[in-house]
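Note that ligands are numbered from 1 as they come in the structure, with each ligand's atoms numbered from 1 the same way.
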Amino acid sequence: MAATENGKKTASPEEEHPRKAFGYAAKDTSGVLYPFAFSRRNTGDNDVTIKILYCGICHSDLHSIKNEWNNTTYPIIPGHEIVGVITEVGSKVHNLKVGDKAGVGCMVNSCRSCYSCKQHFENYCAAGPILTYSSLDVDGTITYGGYSDMIVVDQDFVIHFPENMPLDRGAPLLCAGITVYAPMKYHGLNEPGKHLGVVGLGGLGHVAVKFGKAFGMKVTVISTSPRKQKEAIERLGADAFIVSKDREQMTAAMGTMDGIINTVSAVHDISALLFLLKSSGKMVMVGVPDKPLELSVSPLIGGGKVIAGSCIGGIKDTQEMIDFAAKHNVLADIELVDADYVNKAMERLAKADVRYRFVIDVGNTLPMENGKKMASPEEEHPRKAFGYAAKDVSGVLYPFAFSRRNTGDNDVTIKILYCGICHSDLHSIKNEWNKTTYPIIPGHEIVGVITEVGSKVHNLKVGDKAGVGCMVNSCRSCYSCKQHFENYCAAEPIYTYNSLDVDGTITYGGYSDMIVVDQDFVIHFPENMPLDRGAPLLCAGITVYAPMKYHGLNEPGKHLGVVGLGGLGHVAVKLGKAFGMKVTVISTSPNKQKEAIERLGADAFIVSKDREQMTAAMGTMDGIINTVSAVHDISALLFLLKSSGKMVMVGIPENPLELSVSPLIGGGKVIAGSSIGGIKDTQEMIDFAAKHNVLADIELVDADYVNKAMERLAKADVRYRFVIDIGNTLRAA
Ligand SMILES: [Zn+2]
Ligand SMILES: [Zn+2]
Ligand SMILES: [Zn+2]
Ligand SMILES: [Zn+2]
């Protein structure tokens with residue numbers, strides 16, 4: 001499929017990923033791993049395809065599947081200690097051939113042009129290396145790791161494994177091994193006869209001991225657990241062992257070590273460790289405690305000692321490390337587990353109950369998963385669709401070919417005719433709320449015509465006009481959902497875009513030609529409602545309608561204040577008038593007065609900075625809908641309310657507001673918040689709006705104007721809503 005946008009074609013990630021693959025993925029912060037069918041790209045000219053045989057379980061995998069570092073994209077397939085056999089090579093691949101044993105560590109690409117990359121330190125790439133999983137790949141897809149049957153990787157990031165190295169025990173070297181090898185190399189802690197301290201005896205520490213011995217050094221383990229002494233010396237080959245809490249042992253070892261590799265990632269006393277160093281000795285930190293450590297400077301200054309940090313290592317050094325390890329028989333001590341043991345392994349790893357690394361026997365146990373197979377989102381999404389997507393935080397929207405699921409029994413397929421541009425769309429495409437998954441297709445003010453209905457759909461039929469607002473599903477069983485407040489679903493509703501759908505895919509919004517939605521989240525549009533001007537009601541309309549309904553601000557004769565006259569405010573004015581209320585607009589801009597009264601039908605207008613006007617209106621309003629999302633003076637607004645009056649906040653300022661409690665207490669007033677509305681109320685709102693001719697004031701734009709519209713929206717240069725004419729102007733070839 002090609003887009004006509006300047007004759008250019010953007011292939012979707014799914015088009016570029018035609019090869020079926022299978023693995024274990026976590027779907028949410030529970031971190032539980034499920035069997036997961038997905039896809040990989042074809043072997044490109046510079047690519048190597050590897051059939052995965054073993055994958056180590058790193059502590060980073062555990063952090064990532066639970067999103068403990070706040071950078072996880074679900075679904076996530078972890079694993080960056082990958083080894084296997086090459087099954088295919090691209091036409092430009094040199095030095096690697098089919099049948100070779102090969103490994104992939106923490107990175108699968110980098111910018112290749114920054115200062116660090118040019119020095120073979122891709123691990124310190126200024127743009128951030130492309131990590132082996134949960135990272136944005138160059139083709140716009142999210143990378144999937146090694147808990148899977150195969151992987152396709154650029155040749156420059158593939159490590160060749162010598163034939164004599166056992167692959168299972170070699171796998172952990174790709175992360176744990178290089179993490180300790182690189183600092184030993186760059187800090188001169190690889191010279192025979194030198195004395196190395198290794199702090200902590202886990203996945204990293206036990207490999208550091210082995211490398212130290214292979215370099216011909218004296219190695220002392222420093223640990224909190226006396227019972228690890230026998231193991232450290234007899235099994236791992238350390239020369240000595242110090243219990244870090246034993247003052248006598250620590251004192252005896254003062255000034256004896258040339259360097260220390262510190263693998264501890266808990267908060268601990270580093271000053272005590274510095275005393276173990278000789279003068280000019282170096283301690284390199286490779287674990288990351290989640291809180292800052294206390295550093296007494298005196299043991300650092302006395303003796304000219306150094307504290308350094310180090311993070312994994314570059315690809316060249318990783319190859320060198322593997323070759324060295326093969327030659328000197330440096331291997332991780334592992335517990336080999338079946339693929340279906342992976343959740344249990346994670347539980348044990350969280351309790352440090354492993355000696356010293358779990359490695360998954362992918363080759364022998366992954367494809368055997370009880371013969372069961374989950375359908376992949378891509379298999380479930382066979383229908384080609386087309387829209388506009390942002391690929392990164394620039395927020396620029398590009399023509400984008402993608403796919404939607406078939407119409408399920410409870411589904412309705414809608415050919416989209418119009419979609420409003422909401423301010424949330426702008427925030428989301430630029431990832432201003434830090435929860436955007438790229439590529440993102442925004443749009444949650446969607447209207448169109450139904451083209452297909454599932455066998456269990458009632459009340460909706462082909463040819464009906466229909467809309468989709470901010471949500472496409474919810475848990476349906478929590479307290480809020482049972483009361484028709486899906487908008488307050490305890491599990492969070494599934495939003496129309498950029499949300500994890502029930503089938504494990506990310507939802508795509510209405511800047512697109514069609515959408516498939518469960519019937520319970522589809523709004524029926526009455527025949528007499530203009531679809532273009534009705535679209536914005538699905539977000540802006542329900543956002544002000546719901547609080548008016550639930551706070552009694554919908555009764556004839558009452559006096560409503562509307563603060564802010566944008567996309568939300570102008571609809572609030574119209575709904576207020578339709579309810580038969582007196583409506584006063586409160587705004588910072590005197591130049592909006594004529595418009596508010598003559599065009600929108602407001603009864604009065606107050607300039608919020610005009611003290612005389614504000615004083616004259618004190619105690620006159622039954623309620624206020626406050627749509628402002630900038631920081632502003634809410635206490636002054638409270639004075640406008642009658643006693644027991646209510647102000648409902650529907651905009652979200654990004655900083656807290658100052659609240660003087662006195663105007664709240666004096667008069668028993670209420671401040672409330674409200675977020676969009678439930679599906680039942682949205683249908684009620686649309687029916688009410690159709691009956692009373694409440695419609696948004698819009699500027700209808702062509703699909704290819706969307707980036708310009710976003711620019712203007714950012715400057716509030718729109719009166720009052722952009723709506724994209726999808727049906728007439730969005731074209732896929
Ligand atoms: Zn790791
Ligand atoms: Zn770089
Ligand atoms: Zn919205
Ligand atoms: Zn719910």
Side-chain angles (χ1 to χ4, degrees), residues 55-65 69 78-82 103-107 123 131-134 145-146 171-180 202-204 207 263 265 286-288 311-313 318 332 349 357-359 419-429 433 442-446 468-471 473-498 502 509-511 520-521 535-544 566-568 571 627 629 650-652 675-679 682 696 713 721-723:
C55 186
I57 298 183
C58 172
H59 220 282
S60 302
D61 301 348
L62 184 57
H63 289 297
S64 297
I65 59 176
W69 292 329
H80 58 205
E81 296 178 347
I82 301 167
V104 179
C106 303
M107 304 174 287
N123 49 320
L131 301 175
T132 302
Y133 59 83
S134 207
L173 299 178
L174 291 164
C175 172
I178 186 62
T179 296
V180 296
L204 298 175
V207 178
T263 72
S265 57
V286 297
V288 185
C311 178
I312 49 177
T318 305
L349 181 59
R357 204 66 151 185
F358 288 114
V359 172
C419 186
I421 298 182
C422 173
H423 220 280
S424 303
D425 301 348
L426 184 57
H427 289 298
S428 298
I429 58 178
W433 293 328
H444 59 204
E445 297 178 345
I446 301 166
V468 178
C470 303
M471 304 174 286
N473 220 326
S474 72
C475 87
R476 300 172 184 235
S477 60
C478 72
Y479 175 80
S480 298
C481 282
K482 284 186 178 164
Q483 295 188 301
H484 302 290
F485 294 128
E486 300 85 3
N487 49 319
Y488 299 128
C489 174
E492 209 176 69
I494 296 177
Y495 294 108
T496 302
Y497 60 82
N498 199 42
V502 289
Y511 295 13
D520 295 339
F521 286 76
L537 299 177
L538 291 164
C539 172
I542 186 62
T543 297
V544 294
L568 299 175
V571 177
T627 71
S629 57
V650 296
I652 306 181
S675 170
I676 48 176
I679 296 298
T682 305
L713 180 60
R721 205 67 152 182
F722 288 114
V723 172

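Put simply, C470 stays out of reach of the Zn ion (ligand 3), with no N, O or S atom under 2.8 Å from it. The Zn ion (ligand 1) has an N, O or S atom of C175 closer than 2.8 Å. Metal site remark for the Zn ion (ligand 1): H59 contributes no N, O or S atom at a distance under 2.8 Å.
For H444 and Y495, the gap between ring centers reaches or exceeds 6.0 Å.
Considering every non-hydrogen atom in both G510 and C419, the closest pair reads O-CB, 3.5 Å.
The angle C489:SG - the Zn ion (ligand 4) - C475:SG amounts to 100°, with values rounded to 10 degrees.
Put simply, the side chain of S265 never gets that close to the backbone of V288: no donor and acceptor are under 3.5 Å apart. In terms of modelled atom types and a separation under 3.5 Å, the side chain of S480 and the main chain of A490 share no donor-acceptor contact.
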